[in-house]
Amino acid sequence: MCSSEELEYPQKLLDYQCGFLVSKTMFTACELGVFDLLHEVQEPIAATTIASRLSTSVDGMERLLDACVGLKLLKVELKNNEGHYSNTDVSTLYLVKSSPKTLYHMITYYSQTTYKLWHFLPEAIREGKSQYERGFGISSKEVFEAIYRSEEEMLKFLYHMDTIWTICGKDIIQAFDLSVFCSVYDLGGKTKCL
C-alpha cells in the first residue's frame with residue numbers, strides 16, 4: 001500500500017529514473033583518472049589543473065568535479081575564489097586504483113561492459129538471450145567466450161571478480177562452516193596468478 005505522500009509526489013520513481021546518472025558520473029571520474037590524480041598530488045587542486053593533467057575540457061571537468069562533490073565522492077574548498085578539489089576518505093579507499101580495497105576494476109567493467117549491455121535490456125527480454133552480439137559484435141552463444149574474447153577483456157573480468165572477492169570474500173567464507181576442510185581453493189580466481 002502506498003502512502004498519500006508517494007501518490008502525491010513520486011520521489012522513488014524519480015530516483016530510479018535518474019539512478020544511471022549517478023553511476024555514470026562515478027564511472028567517468030574513475031575512467032578519466034580523477035581519483036588517482038588527486039591521490040597522487042596529495043593536496044587540493046583546481047579544476048583547470050585537473051583538466052590539463054587529464055587532457056579534458058575545463059568546462060566538462062568542472063561539471064564532473066562538482067557532480068562528484070554533490071555525490072560526496074570529492075571535497076571542494078575555495079582558494080582565491082576558485083574551487084580546489086580533493087578525494088573523500090571513501091574515494092581514497094575504494095576509487096583509487098592503487099588502493100588494496102579498490103573498486104576501480106569493478107567500476108570500469110560495469111561501465112565498459114555491463115552498462116553497455118543494459119542498453120539492450122528490452123531486446124534481451126523480448127528475445128530471451130544475451131546481448132553481447134548487439135553490444136560488441138561477438139556471438140554470445142557461450143557467455144565466457146564473449147567475456148574472454150580478448151586478453152584485455154579477460155583481464156578486466158578477472159580484476160572485476162577479484163574486486164568482488166576482496167570486498168565480499170571474508171563474508172562469504174564466514175557464511176559457511178568450513179571447519180571440516182583443511183584447504184579451500186578458489187578455482188578460476190585471480191589474486192595470486194597475475
For G135, does its backbone N or O pair with a side-chain atom of K116 as donor and acceptor, under 3.5 Å? yes
Do H105 side-chain atoms and L103 backbone N/O form a donor-acceptor pair below 3.5 Å? no
How many angstroms lie between atom NE2 of H39 and atom CZ of F35, to the nearest 0.5 angstrom? 13.0 Å
Given 3.5 Å as the limit, does a donor-acceptor pair link the side chain of N80 with the main chain of E82, or not? no
Around K72, counting heavy atoms of other residues, nucleotides and ligands shown, do more than 12 lie under 6.0 Å from its NZ? no
Enclosure of E5 CD (heavy-atom neighbours >12, cutoff 6.0 Å): no
Keeping to residues at least two apart or across chains, list the salt bridge (Lys or Arg N to Asp or Glu O under 4.0 Å) pairs with something in residues 48-60. E40-R53, D59-R63
Of T28, L21, V22, the residue whose pairing with K24 passes side-chain contact (heavy atoms from CB on, under 4.5 Å): T28
For Y110, is there any backbone N or O sitting under 3.5 Å from a side-chain donor or acceptor partner on Q112? no
I'd like to know if the side chain of T108 pairs up with that of S111 as donor and acceptor (distance under 3.5 Å, no hydrogens or angles considered). no
To the nearest 0.5 Å, what is the distance between CG on L32 and CG on L64? 6.5 Å
Under 3.5 Å: donor-acceptor pair, side chain of N87, backbone of T92: no
To the nearest 0.5 Å, what is the distance between CZ on F120 and CD on E127? 10.5 Å
According to a 4.5 Å side-chain heavy-atom criterion applied to Ile, Leu, Val, Met, Phe, Trp and Tyr, with indirect links allowed, do L54 and I107 form part of one hydrophobic cluster? yes
Give a yes or no on whether the backbone of M61 and the side-chain of T56 come within a donor-acceptor separation of less than 3.5 Å. no
List the atom of M26, the atom of L95, and the distance in Å for their closest heavy-atom pair. SD-CD2, 4.2 Å
Going only through I, L, V, M, F, W and Y residues with side-chain contacts under 4.5 Å, is there a path from L37 to V90? yes
For the CZ atom of F181 and the OG atom of S179, what is their distance to the nearest 0.5 Å? 8.5 Å
Same apolar cluster (I L V M F W Y, side chains within < 4.5 Å links), Y104/L38: no
Let's go through T114 and Y109 carefully: what are the C-alpha distance in whole Å and the side-chain angles of both, what is the deciding distance for side-chain contact (heavy atoms from CB on, under 4.5 Å) to 0.1 Å, and is it a yes or a no? CA-CA 7 Å; T114 306; Y109 185 83; 3.7 Å; yes
Is a side-chain donor or acceptor of S99 paired with a backbone partner of L93 at a separation under 3.5 angstrom? yes
How many angstroms lie between atom OG of S86 and atom CG of L65, to the nearest 0.5 angstrom? 10.5 Å
Heavy-atom closest pair (C68 atom, T25 atom, distance to 0.1 Å) is SG-CG2, 4.1 Å
Near E151 CD, under 6.0 Å, is it more than 12 heavy atoms from other residues, nucleotides or ligands? no
Is there a path of hydrophobic side-chain contacts, each under 4.5 Å between heavy atoms of I/L/V/M/F/W/Y residues, joining V34 to Y115? yes
N/O donor-acceptor pair under 3.5 Å between D36 side chain and K97 backbone: yes
Smallest separation among heavy atoms of E62 and A47, with atom names: CG-CB, 3.3 Å
Backbone N/O of L73 and side chain of S91: donor-acceptor pair under 3.5 Å: yes
What's the separation between atom SG in C18 and atom CG in L13, rounded to the nearest 0.5 Å? 11.0 Å
If Ile, Leu, Val, Met, Phe, Trp and Tyr residues are connected whenever their side-chain heavy atoms lie under 4.5 Å apart, and connections chain through other members, are Y132 and W118 in the same group? no
Evaluate the side-chain proximity of Y85 to I45: yes if any heavy-atom separation is below 4.5 Å, no if none is. no
For H84 against A46, the heavy-atom pair lying closest together: CD2-N, 3.5 Å
Taking atom CG of D15 as the centre, does the number of heavy atoms from other residues, nucleotides or ligands within less than 6.0 Å exceed 12? yes
